[in-house]
Number of protein chains: 2
Amino acid sequence: MNLKIATEIGKCLSNQTRFQILEWLKEPEKHFPPHETLKHFNDGVCVTYIQEKTALSQSTISTYLTNMEKCGLLISTRHGKWSYLKRNEKTIKEFTDFIT
Amino acid sequence: MNLKIATEIGKCLSNQTRFQILEWLKEPEKHFPPHETLKHFNDGVCVTYIQEKTALSQSTISTYLTNMEKCGLLISTRHGKWSYLKRNEKTIKEFTDFIT
DNA sequence: TTTATATATCGGAAATTATAGATATGTGTG
DNA sequence: CACACATATCTATAATTTCCGATATATAAA
């Protein structure tokens, strides 16, 4: 972790919706309905579910999630036509260690 | 710690200068000259030293530091005409716990 | 009380971010 | 291949943030 990346993460955490998404993804089963095709949350939650819950537009949420992945906060996995997002606990730890 | 305050902290960490200040304040003696009047760093570093090191204007740094104090990242202590800033480790810990 | 120094606040121009709609791309299905 | 659906990217406008100079306030010293 370095200052530049840490600041990029800070930018993601400077918006309530993005911060909220990171919180929701701590416990996907508690905040999202089960996936019909994929029977588990091992790779996180699909973009559509996250988008519906935030009530922001699809393009906005897609951009948010892309940026959160770019700076390492999230990990994206594609299964067929769906993208699933989960927390990247390794980077999150590096970030909190960097602050502390 | 709650989402709103955590996001305010995120805003402070979304700017490289502010993030850098928080890092410098981990080890004041390493990054700043000794204070002439105050013989220790127990209450942190004065605004002027921080401002000089960043090379941004006095008004900008003053605003930065005020905001960082408002959201709980820093603690401000006045000694005479100087204000000294130090990290608020308690809030920082609450923030990192909130993320994790 | 006047002056000098340290910090805070105000007002505004420039830069960046937020957010949406339109469109493009990727992928499974008929 | 054509279609439907999930996601990504492009473009543009509104909102927010950055950052400064000017000015105000607080405190100490003369």
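In what follows, every chain begins at residue 1, and chains take the letters A, B, ... in the order their sequences are listed. Just so it is clear, the model here is predicted, and its values are computed rather than measured.
Distance CD (Glu8(A)) to C1' (dT16(C)): 12 Å, rounded to an integer number of Å. Distance NZ (Lys11(B)) to C1' (dT16(D)): 8 Å, rounded to an integer number of Å. In this structure, the OH atom of Tyr84(A) is 15 Å from the C1' atom of dG26(C), given to the nearest Å. Taking atom CD of Glu36(A) as the reference point, atom C1' of dA6(D) lies 14 Å away to the nearest angstrom. Straight-line distance from the CD atom of Gln16(A) to the C1' atom of dA18(C): 14 Å, rounded to whole Å. For the pair Asp43(A) CG and dT7(D) C1', the computed distance is 16 Å after rounding to whole Å. Note: CG (Asn67(A)) to P (dT16(C)) measures 15 Å, nearest angstrom. We find that CD of Gln58(A) is positioned 11 Å from P of dT9(D), with the value rounded to whole Å.
Tyr64(B) does not carry Lys70(B) over the face of its six-membered ring by the limits of under 6.0 Å from the centre and within 45° of the normal.
If you find the closest nucleotide of DNA chain D to Ser14(A) and to Arg78(A), the one lying nearer the 5' end belongs to Arg78(A). The residue among Asn15(A) and Lys81(A) whose nearest nucleotide of DNA chain C is located toward the 5' end is Asn15(A). Remark on DNA chain D: of its neighbouring residues Lys70(A) and Trp82(A), the 5'-side contact belongs to Trp82(A), judged by nearest-heavy-atom nucleotide. Map His79(A) and Thr17(A) each onto its nearest nucleotide of DNA chain C; the residue landing nearer the 5' end is Thr17(A).
Side-chain N/O atoms of Ser57(B) include one lying less than 4.0 angstrom from OP1 or OP2 on dC20(D). Look at Ser62(B) and you won't find any side-chain N or O under 4.0 angstrom from OP1 or OP2 of dT7(C). When the side-chain nitrogen and oxygen atoms of Arg18(A) are compared with OP1 and OP2 of dA18(C), one or more of them lie within a distance under 4.0 Å. Under 4.0 angstrom from either OP1 or OP2 of dT18(D) there lies no side-chain N or O belonging to Tyr64(B).
If you look at Tyr49(A) and Phe41(A), their ring centroids are not closer than 6.0 Å.
When only modelled atom types and interatomic distance are considered, Thr60(B) and Thr63(B) share no side-chain donor-acceptor pair under 3.5 Å.
Put simply, the side chain of Ser59(A) and the base of dA20(C) share a donor and an acceptor less than 3.5 Å apart.
Nucleic acid contact for Tyr49(B): none, since no nucleic acid atom lies under 4.0 Å from a heavy atom of the residue. Heavy atoms of Leu65(A) sit nowhere under 4.0 angstrom from any nucleic acid atom.
Under 4.0 Å is where a charged nitrogen must lie from a carboxylate oxygen, and between Lys93(A) and Glu89(A) no such pair does.
Arg18(B) is not listed as a side-chain neighbour of Thr7(A), based on a closest heavy-atom distance of 4.5 Å or more.
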